[in-house]
Trainee: 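Structure below; questions to follow.
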Amino acid sequence: MPELPEVYKVTYLLNEKLVNRRVKAVKVLYSKILENDISKIINKRINKVFRIGKYIIFAFEEDYLIAHMRMEGRFYIGNKLNLKHVHLKLIFDDFILYYQDFRKFGRFKLLSKSTDLYQELKIKKDALDIDEKYLRDTFSKVGRNLKTALLDQRLIAGIGNIYADEICFEAKIHPLSKTSLINDYGKLNNSIKIVLNKFIKTGMDFDGNDEYLSWEFALDTDVHFKKNCKVCNDLIKKIKINGRTTYFCENCQELLK
């Protein structure tokens with residue numbers, strides 16, 4: 001599933017290719033992918049493509065087209081591409097933007113530019129915009145474990161399962177630790193930025209097919225998927241937290257309870 005670093009890359013590529021381009025036509029091949037009518041974007045110019053959390057926002061003159069790729073969504077740019085499971089096409093003068101989704105989970109929605117996007121998307125903060133104060137004010141009042149809190153998109157948008165494990169490892173905090181017991185939110189904030197920026201750079205450095213705006217790239221993780229700890233060489237523990245597979249080092253990550 002694409003998370004913040006992957007969505008960051010796709011958004012960057014879309015912005016590079018679509019800014020100042022005018023949508024000439026829209027072809028919908030699977031109606032349930034749309035949460036409302038998006039025909040207003042026809043003959044409208046894209047001013048900018050940006051990201052909030054895992055959402056991609058196409059900014060037109062008067063409206064936002066919100067896209068969420070969910071589990072398997074992919075964008076392609078080209079002409080007469082022979083692709084299966086394409087559910088939406090945005091047609092421009094000299095190319096087509098294809099949206100492919102094998103599992104049909106992705107969604108698109110048109111919103112007025114007067115909309116408060118954070119309120120509409122039920123997001124308080126993007127993971128790259130948080131600071132130590134926000135973490136302290138929010139996490140000190142949350143009666144949950146750290147892993148679950150990091151995955152709550154309403155608190156911090158953009159972090160998924162793999163990166164939550166990487167953040168806990170970087171911060172040297174056990175994923176089952178109570179957020180209210182964390183004594184250094186500055187360190188946690190730094191760990192969030194270190195991990196996300198590391199993988200953003202990895203993604204941006206990863207070459208892909210010009211037609212396929214790939215969000216997939218090699219993940220050189222420190223703890224997730226690993227068998228031994230890179231620091232102490234102990235066996236990495238693997239458990240389920242709220243149904244999510246979780247990796248951690250029992251020796252290096254302190255359990256706060």
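Not measured: the values here are computed from a predicted model. Along the sequence shown, residues carry numbers from 1.
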Trainee: Flag the pair Tyr55 / His68 as yes when their ring centroid distance falls below 6.0 Å, and as no otherwise.
Mentor: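 Ring centres of His68 and Tyr55 closer than 6.0 Å.
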
Trainee: Could you check whether any side-chain N or O of Gln253 sits under 3.5 Å from a backbone N or O of Cys249, counting only pairs where one atom can act as donor and the other as acceptor?
Mentor: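 Yes; at least one donor-acceptor contact below 3.5 Å.
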
Trainee: Measuring from atom NZ of Lys9 to atom CG of Leu14, what distance do you get when rounded to the nearest 0.5 angstrom?
Mentor: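 Interatomic distance, Lys9 NZ to Leu14 CG, rounded to 0.5 Å: 12.0 Å.
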
Trainee: Would you say Thr245 and Lys240 are linked by a side-chain donor-acceptor pair, where the criterion is simply a distance under 3.5 Å?
Mentor: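 Side-chain D/A pair, Lys240 to Thr245: present.
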
Trainee: Using the rule given for side-chain contact (heavy atoms from CB on, under 4.5 Å), can you reason through Thr221 versus Lys226, listing the C-alpha separation, both sets of side-chain angles and the distance that settles it, and then say yes or no?
Mentor: CA-CA 8 Å; Thr221 57; Lys226 299 298 185 182; 3.6 Å; yes

Trainee: Counting distance only, does the side-chain N/O of Thr11 pair as donor-acceptor with the main-chain N or O of Val7 below 3.5 Å?
Mentor: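 Yes, the answer is positive, given that a donor and an acceptor are paired below the 3.5 Å cut-off.
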
Trainee: Judged by atom type as modelled, is there a donor-acceptor pair below 3.5 Å linking the side chain of Asp126 to the main-chain atoms of Gly53?
Mentor: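 Such a contact is found between Asp126 side chain and Gly53 backbone.
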
Trainee: State which residues pass salt bridge (charged side-chain N to carboxylate O under 4.0 Å, His left out) with Arg22; sequence neighbours excluded, sorted by chain then number.
Mentor: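 Not a single residue meets the salt bridge (charged side-chain N to carboxylate O under 4.0 Å, His left out) criterion with Arg22.
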
Trainee: Does the side chain of Ile182 come within less than 4.5 Å of Leu188's, by heavy atoms?
Mentor: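 Yes. Closest side-chain heavy atoms under 4.5 Å.
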
Trainee: Is it the case that atom NZ in Lys124 sees more than 12 heavy atoms from other parts of the structure closer than 6.0 Å?
Mentor: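 Open: at most 12 neighbouring heavy atoms sit under 6.0 Å from NZ of Lys124.
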
Trainee: Determine whether a donor-acceptor pair (N or O, by modelled atom type, separation under 3.5 Å) exists between the side chain of Arg74 and the backbone of Glu72.
Mentor: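 Yes, because the side chain of Arg74 sits within donor-acceptor range (under 3.5 Å) of the backbone of Glu72.
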
Trainee: Tell me whether Gln153 contacts the main-chain N or O of Gly158 through its side chain, where contact means a donor paired with an acceptor under 3.5 Å.
Mentor: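 Flag set: sc Gln153 to bb Gly158 pair under 3.5 Å.
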
Trainee: What's the separation between atom OH in Tyr76 and atom CG in Leu97, rounded to the nearest 0.5 Å?
Mentor: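 CG of Leu97 is found 12.0 Å from OH of Tyr76.
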
Trainee: Evaluate the ring planes of His174 and Phe248, with Trp represented by its six-membered ring, and classify them as parallel (under 30°), tilted (30 to 60°) or perpendicular (over 60°).
Mentor: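 His174 and Phe248: tilted rings.
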
Trainee: In this structure, are over 12 heavy atoms from other groups packed under 6.0 Å from Lys40 atom NZ?
Mentor: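 Not buried by this count: 12 neighbours or fewer within 6.0 Å.
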
Trainee: Just wondering, more than 12 heavy atoms not from Lys48 lying within 6.0 Å of its NZ?
Mentor: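 No, not enclosed.
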
Trainee: Is the number of heavy atoms from other residues, nucleotides or ligands under 6.0 Å of Glu35 CD greater than 12?
Mentor: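 Buried by this count: over 12 neighbours within 6.0 Å.
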
Trainee: Are more than 12 heavy atoms, taken from residues, nucleotides or ligands other than Phe95, located less than 6.0 Å from that residue's CZ atom?
Mentor: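 Atom CZ in Phe95 is packed in, count exceeds 12.
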
Trainee: Any side-chain heavy atom of Tyr30 within less than 4.5 Å of one from Lys32?
Mentor: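 Yes; the side chains approach each other to less than 4.5 Å.
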
Trainee: Less than 4.0 Å between a side-chain N and a carboxylate O, is that true for Glu61 and Lys113?
Mentor: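 No salt bridge links Lys113 with Glu61.
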
Trainee: Dump the intermediate steps for side-chain contact (heavy atoms from CB on, under 4.5 Å) on Ile52 and Leu117, then the final yes or no.
Mentor: CA-CA 9 Å; Ile52 298 176; Leu117 289 178; 4.0 Å; yes

Trainee: Below 4.0 angstrom, N of the basic side chain to O of the carboxylate: do Asp137 and Lys141 qualify?
Mentor: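 No salt bridge links Asp137 with Lys141.
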
Trainee: In Å and rounded to the nearest 0.5 Å, what is the OG1 to OH distance from Thr115 to Tyr64?
Mentor: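 It comes to 8.0 Å.
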
Trainee: Is a side-chain donor or acceptor of Ser180 paired with a backbone partner of Ser140 at a separation under 3.5 angstrom?
Mentor: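 The answer is no, because no donor-acceptor pair under 3.5 Å joins these two groups.
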
Trainee: Indicate yes or no for a side-chain donor-acceptor contact from Thr148 to the backbone of Arg144 under 3.5 Å, with no hydrogens or angles considered.
Mentor: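 No: the side chain of Thr148 does not pair with the backbone of Arg144.
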
Trainee: Determine the minimum heavy-atom distance between Arg51 and Tyr8, stating which atoms define it.
Mentor: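 Looks like CD-N, 3.8 Å.
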
Trainee: With a 4.5 Å cut-off on side-chain heavy-atom distances among I, L, V, M, F, W and Y, is there a chain of contacts connecting Leu181 to Leu155?
Mentor: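 In one cluster: yes.
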
Trainee: Please check if any side-chain donor atom of Asp63 sits under 3.5 Å from a side-chain acceptor atom of Ser112, or the reverse.
Mentor: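 Per modelled atom types, Asp63 and Ser112 side chains form no pair under 3.5 Å.
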
Trainee: Where do Asn20 and Arg45 come nearest, in terms of heavy atoms and distance?
Mentor: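 Smallest interatomic distance, heavy atoms only, reads O-NH1, 2.8 Å.
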
Trainee: Locate the shortest heavy-atom distance separating Ala127 from Ile192; write the atom from each residue and the value.
Mentor: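 Ala127 and Ile192 have their closest heavy atoms at O-CG2, 4.0 Å.
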
Trainee: Output, in order, the C-alpha distance, side-chain angles, deciding distance and verdict of side-chain hydrogen bond (donor to acceptor under 3.5 Å, both in side chains) for Glu6 and Tyr163.
Mentor: CA-CA 11 Å; Glu6 292 88 350; Tyr163 299 127; 2.8 Å; yes

Trainee: Does Asp94 come within less than 4.0 Å of Arg21, counting only side-chain N to carboxylate O?
Mentor: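 Yes.
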
Trainee: Are Ile123 and Leu196 linked, directly or through other ILVMFWY residues, by side chains that come within less than 4.5 angstrom of each other?
Mentor: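 No, because Ile123 and Leu196 fall into different hydrophobic clusters, even though each may have its own neighbours under 4.5 Å.
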
Trainee: State plainly whether the residues Lys147 and Asp165 are in salt-bridge range, i.e. N to O under 4.0 Å.
Mentor: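 Here Lys147 pairs with Asp165 in a salt bridge, since their nearest N and O are under 4.0 Å apart.
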
Trainee: Counting distance only, does the side-chain N/O of Arg70 pair as donor-acceptor with the main-chain N or O of Pro2 below 3.5 Å?
Mentor: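 Here the side-chain-to-backbone pair does not exist.
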
Trainee: Testing the basics here: between Phe58 and Ala67, what is the closest heavy-atom pair and its distance to 0.1 Å?
Mentor: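 Closest approach of Phe58 to Ala67, heavy atoms only: CE1-CB, 4.0 Å.
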
Trainee: How are the rings of Phe75 and Phe108 set to each other: parallel, tilted or perpendicular (split at 30° and 60°)?
Mentor: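 Perpendicular: the ring planes of Phe75 and Phe108 meet at over 60°.
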
Trainee: Closer than 3.5 angstrom, by distance alone: can the side chain of Asn15 be matched with the main-chain N or O of Val49 as a donor-acceptor pair?
Mentor: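 Yes, the answer is positive, given that a donor and an acceptor are paired below the 3.5 Å cut-off.
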
Trainee: Could you tell me whether a side-chain N or O of Thr246 sits under 3.5 Å from a main-chain N or O of Arg244, the two making a donor and an acceptor?
Mentor: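 Such a contact is found between Thr246 side chain and Arg244 backbone.
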
Trainee: When you check the gap from the basic side-chain N to the acidic O, do Arg154 and Asp152 get nearer than 4.0 Å?
Mentor: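 Result for this pair is yes, salt bridge flagged.
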
Trainee: Are Ile57 and Tyr12 linked, directly or through intermediate hydrophobic residues, by side-chain heavy-atom contacts shorter than 4.5 Å (ILVMFWY only)?
Mentor: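 No.
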
Trainee: Is Val19 reachable from Ile56 through a run of I, L, V, M, F, W or Y residues, each pair having side-chain heavy atoms under 4.5 Å apart?
Mentor: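 No; Val19 is not reachable from Ile56 via cluster members.
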
Trainee: To the nearest 0.5 angstrom, please state how far the CG atom of Asn145 sits from the CG atom of Asn242.
Mentor: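 If I round to the nearest 0.5 Å, the distance is 6.0 Å.
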
Trainee: Please round to the nearest 0.5 Å and tell me the distance separating atom OH of Tyr134 and atom CZ of Phe139.
Mentor: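 So the gap between those two atoms works out to 7.5 Å.
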
Trainee: Pick from Ile167, Asp222, Ile200: which one makes a side-chain contact (heavy atoms from CB on, under 4.5 Å) with Val195?
Mentor: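 Testing Val195 for a side-chain contact (heavy atoms from CB on, under 4.5 Å) against Ile167, Asp222, Ile200 leaves exactly one candidate, Ile167.
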
Trainee: How far does CD1 of Ile173 sit from CG of Leu146, to the nearest 0.5 angstrom?
Mentor: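 That separation rounds to 5.5 Å.
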
Trainee: Is Phe60 reachable from Leu34 through a run of hydrophobic residues whose side-chain heavy atoms are each under 4.5 Å from the next?
Mentor: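 Linked within one cluster.
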
Trainee: Answer yes or no: are there more than 12 heavy-atom neighbours, outside Lys193 itself, under 6.0 Å from its atom NZ?
Mentor: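 Atom NZ in Lys193 is crowded, with more than 12 foreign heavy atoms closer than 6.0 Å.
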
Trainee: Does Lys201 NZ have over 12 foreign heavy atoms under 6.0 Å away?
Mentor: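 Incorrect, the count does not exceed 12.
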
Trainee: Working note: His224 + Tyr247, criterion ring pair (Phe, Tyr, Trp, His ring centres under 6.0 Å); need CA distance, chi angles, decisive distance, verdict.
Mentor: CA-CA 5 Å; His224 200 90; Tyr247 295 78; 4.5 Å; yes

Trainee: Restricting to non-hydrogen atoms, name the atom on Cys229 and the atom on Cys252 that form the minimum distance, rounded to 0.1 Å.
Mentor: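 Heavy atoms only, the tightest pair is SG-SG, 3.7 Å.
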
